[in-house]
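Numbered from 1 within each chain, the chains take letters A, B, ... in sequence-line order.
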Protein chains: 2
Amino acid sequence: MQINWDDMRTILALVRAGTLAGAADALSVSYTTVARRVQRAEEMLGRPLFERRPEGYFASPEAEELARAAARMEVQEQAALRHLSGRDQGLSGPLTLTAPQLLIQTHLAPFLAGFCRDNPEIELTVRATNDVLDLTRREADLAIRISKSPGDNLVGLHLADQKTTCVALPEIVAGAISDPSATLDWVIYTGHSTPPKSALALYPNYRIRARFDDMTSLIAAAKAGLGVTRMPVYLGRNDPELQPLPGLEPQDYAPIWVLSHQDLLQSAKVRALKVALKQFFRTRRDDFTQIQSLP
Amino acid sequence: MQINWDDMRTILALVRAGTLAGAADALSVSYTTVARRVQRAEEMLGRPLFERRPEGYFASPEAEELARAAARMEVQEQAALRHLSGRDQGLSGPLTLTAPQLLIQTHLAPFLAGFCRDNPEIELTVRATNDVLDLTRREADLAIRISKSPGDNLVGLHLADQKTTCVALPEIVAGAISDPSATLDWVIYTGHSTPPKSALALYPNYRIRARFDDMTSLIAAAKAGLGVTRMPVYLGRNDPELQPLPGLEPQDYAPIWVLSHQDLLQSAKVRALKVALKQFFRTRRDDFTQIQSLP
DNA sequence: CTGCATGCGTGCATTTTTGCATGGGTGACA
DNA sequence: TGTCACCCATGCAAAAATGCACGCATGCAG
């Protein structure tokens, strides 16, 4: 009874995904290939591993057991690759960074352009996503996160503190100032149930017009005049269309960190990007905490 | 930075073997394939893994690290396959047994023939070797061993006790009887420094004519008249050319066990062979302890 | 020094693996 | 009920991996 290691990896992907297409995506092959590798593995082992159902491939207990073993193999593989990357002392080759979309758009893009110019041998990949990528599984080498704690096995470097501000179109702000007790429209982030308490202290009557699960959309909604919205100051402060609600101090918000896996601490590329990020954010510290730029 | 799992397995084999041909043997592929897989892995990782030397491939520290990870992956893979085999309740498919050559020649061969007839669906592979195969690495499902202790993670079933006897050609035996104080020639197993003490008590003067590290050769040497030799009674007792040295009680020797991995305890095939072995050895118990067959 | 065993690299034909295109089935939804 | 979005199986052609044959270097024994 023999088995091909890549077939085990395929079984793992299929158990995880549940469908041929899903597994194929994860492995960057076609689903036909997944189907045939599974078929081959079943022949090798002399027993069926998956039940073919109209809604997908259903894993038998045997397949699940193989997948558990394959998952443990994967941990070993990834640890080895991380260690290998960690040994890498050259400023060349691939380097992957993940960061929140908006931070890239507003601040990181020009910085990264400079970094690439300074390090022409580094092949930088940027994954602009709000999803939390798994640094342990090497989905990225570095992650810029807006969060309060680094996380397991990860090494964090604090880049900047952040505060939030409440902004809206000038006419809405003017209305609120002229009559603080009038009902104020809000657009808020999904998950928050009410506008910030400090705002309610000044403007107690509110109506929630909409909720969005995406900051870009939230900004667009505010610009469309849907209401007031709370956002990190780096987004609100320089937008010519939006204006802060007066009388409110900026509120604390989760700081910005850059994280990497312990194993990559010694990697020259990772260190280079961390150092550059630290320098960059030092010059821009106020962007994230001060409502108005200093003269 | 990506890597193919079978390439990791190849790196492991190459680090272990040190040469392309050796790794190729272990993997049952051609050495060309090993060379090309390594080349591909090196390209993927963007760094060399082996130093090509005239005497073979020399692993770099990176390759050794990858190999260590791959070895841990291998442990997982093999554990999974063992568990899978353990679930196997059918009396069909592959089954591998390892046993000492001589035991197969003299006793096991007819027994195994019967077992195969009784279980025509089982595809039995016999590995006749004196090397201790690794049941953990699934080099065999069952092992018949001449040894005092089963070993780690293995489950043993005692098949028979054994004794040894000292035999030689009739003329040598006759000479020893006629003059016990004459110098007696011996052929002994490598590792033993002297003939057995109980023999020296009766025949104190000895000369070691040769040492052999292989029992078959030892027997041939005894038959060629090189001297007296000590061997398990199952080998000596029925050989028409050889005769026991009189006055010596059979001496204790390591018993015969059949071993299998814990994970395979539930496998129907493994259990079937164990049961059959136990029954067979019960009827042949005396072959291994009595110098003369009973009338 | 020569023959021989062992080890490596490379070009080429063969085999295997892969992806694509097509067809069929099922369930959600207007 | 028709459409759409997902599933899956299979035939076929392209692409990749493999094995083989050959040539070359090295170390060792006679």
Side-chain angles (χ1 to χ4, degrees), chain A residues 1-64 66-67 70 73-74 77, chain B residues 1-60 62-64 66-67 70 73-74 77 131:
Chain A
M1 196 164 75
Q2 279 284 57
I3 193 168
N4 185 302
W5 280 16
D6 276 311
D7 288 353
M8 285 196 72
R9 189 187 221 173
T10 304
I11 289 166
L12 171 61
L14 185 50
V15 169
R16 278 181 177 154
T19 69
L20 291 182
D25 270 357
L27 298 168
S28 306
V29 296
S30 78
Y31 72 95
T32 326
T33 300
V34 175
R36 279 184 291 221
R37 285 194 193 155
V38 169
Q39 215 173 312
R40 183 174 60 191
E42 287 177 330
E43 276 166 28
M44 295 257 200
L45 300 176
R47 76 192 71 190
L49 292 174
F50 292 87
E51 206 179 303
R52 275 74 169 165
R53 294 188 182 170
E55 68 271 25
Y57 271 51
F58 182 80
S60 71
E62 286 88 351
E64 288 187 339
L66 280 171
M73 292 169 74
E74 191 187 41
E77 178 230 18
Chain B
M1 196 163 77
Q2 279 285 56
I3 193 168
N4 185 300
W5 279 16
D6 275 311
D7 288 353
M8 286 197 72
R9 189 187 221 173
T10 304
I11 290 166
L12 172 60
L14 185 50
V15 169
R16 279 182 177 152
T19 69
L20 291 183
D25 270 358
L27 298 169
S28 305
V29 296
S30 78
Y31 74 92
T32 326
T33 300
V34 176
R36 278 184 290 219
R37 284 193 193 157
V38 169
Q39 216 173 314
R40 184 174 58 192
E42 288 178 330
E43 276 166 29
M44 295 258 201
L45 299 176
R47 74 192 74 192
L49 292 174
F50 293 88
E51 206 179 305
R52 276 75 171 165
R53 296 187 182 172
E55 68 270 25
Y57 271 51
F58 181 79
S60 71
E62 286 87 354
E64 288 186 340
L66 280 171
M73 290 169 75
E74 191 186 40
E77 177 230 19
D131 298 349

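Side chains of B:Thr10 and B:Val29 form no contact here, defined as non-hydrogen atoms less than 4.5 Å apart. In this structure the side chain of A:Leu12 never reaches within 4.5 angstrom of the side chain of A:Met8, judged on heavy atoms. A:Thr33 places none of its side-chain heavy atoms less than 4.5 Å from the side chain of A:Leu27.
Atom-to-atom, OH of A:Tyr57 to P of D:dC7 comes out at 13 Å; the value is rounded to the nearest Å. Taking atom CD of residue A:Glu43 and atom C1' of nucleotide C:dT16, one finds them 14 Å apart after rounding to whole Å. Here the P atom of nucleotide C:dT17 and the CG atom of B:Asp7 are 15 Å apart, to the nearest Å. Computed from coordinates, the B:Phe50 CZ to C:dG7 P distance equals 16 Å when rounded to whole Å. B:Glu55 places its CD atom 9 Å from the P atom of C:dC8, with the value rounded to the nearest Å. Between the P atom of D:dT26 and the CZ atom of B:Arg52 lies a distance of 17 Å, rounded to the nearest Å. Separating the CD atom of A:Gln39 from the P atom of D:dG11 is a distance of 11 Å, rounded to the nearest angstrom. Here C:dT17 presents its C1' atom at 11 Å from CG of A:Asn4, a figure rounded to the nearest Å.
Residues from residues 10-20 of chain B lying near DNA chain D, meaning a heavy-atom separation below 4.0 Å, are absent.
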List every contact pair, protein side and nucleotides 18-22 of chain C side both N or O, where the distance is under 3.5 Å.
residue : atom : partner : partner atom : Å
C:dT18  : OP1  : A:Arg37 : NH2          : 2.9
C:dG19  : OP2  : A:Ser30 : N            : 2.9
C:dG19  : OP2  : A:Ser30 : OG           : 3.2
C:dG19  : OP2  : A:Thr33 : OG1          : 2.4
C:dG19  : N7   : A:Arg36 : NH2          : 2.9
C:dG19  : O6   : A:Arg36 : NH1          : 3.1
C:dG19  : O6   : A:Arg36 : NH2          : 3.0
C:dC20  : N4   : A:Thr32 : OG1          : 3.2

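Take A:Arg52 and apply the side-chain contact (heavy atoms from CB on, under 4.5 Å) test, not counting sequence neighbours, and it matches A:Val38, A:Glu42, A:Phe50, A:Tyr57. A search for side-chain contact (heavy atoms from CB on, under 4.5 Å) contacts involving A:Arg40 returns A:Asn4, A:Asp7, A:Arg37, A:Met44, not counting sequence neighbours. For B:Asp25, there are no side-chain contact (heavy atoms from CB on, under 4.5 Å) partners two or more places apart in sequence or in a different chain. Every residue meeting the side-chain contact (heavy atoms from CB on, under 4.5 Å) condition with A:Glu51, not counting sequence neighbours, appears here in chain and number order: A:Arg53, A:Phe58.
In this structure, B:Thr19 and B:Gly56 approach most closely via the heavy-atom pair CG2-CA, 4.4 Å. For A:Ala35 against A:Leu20, the heavy-atom pair with the smallest separation is CB-CD1, 3.7 Å.
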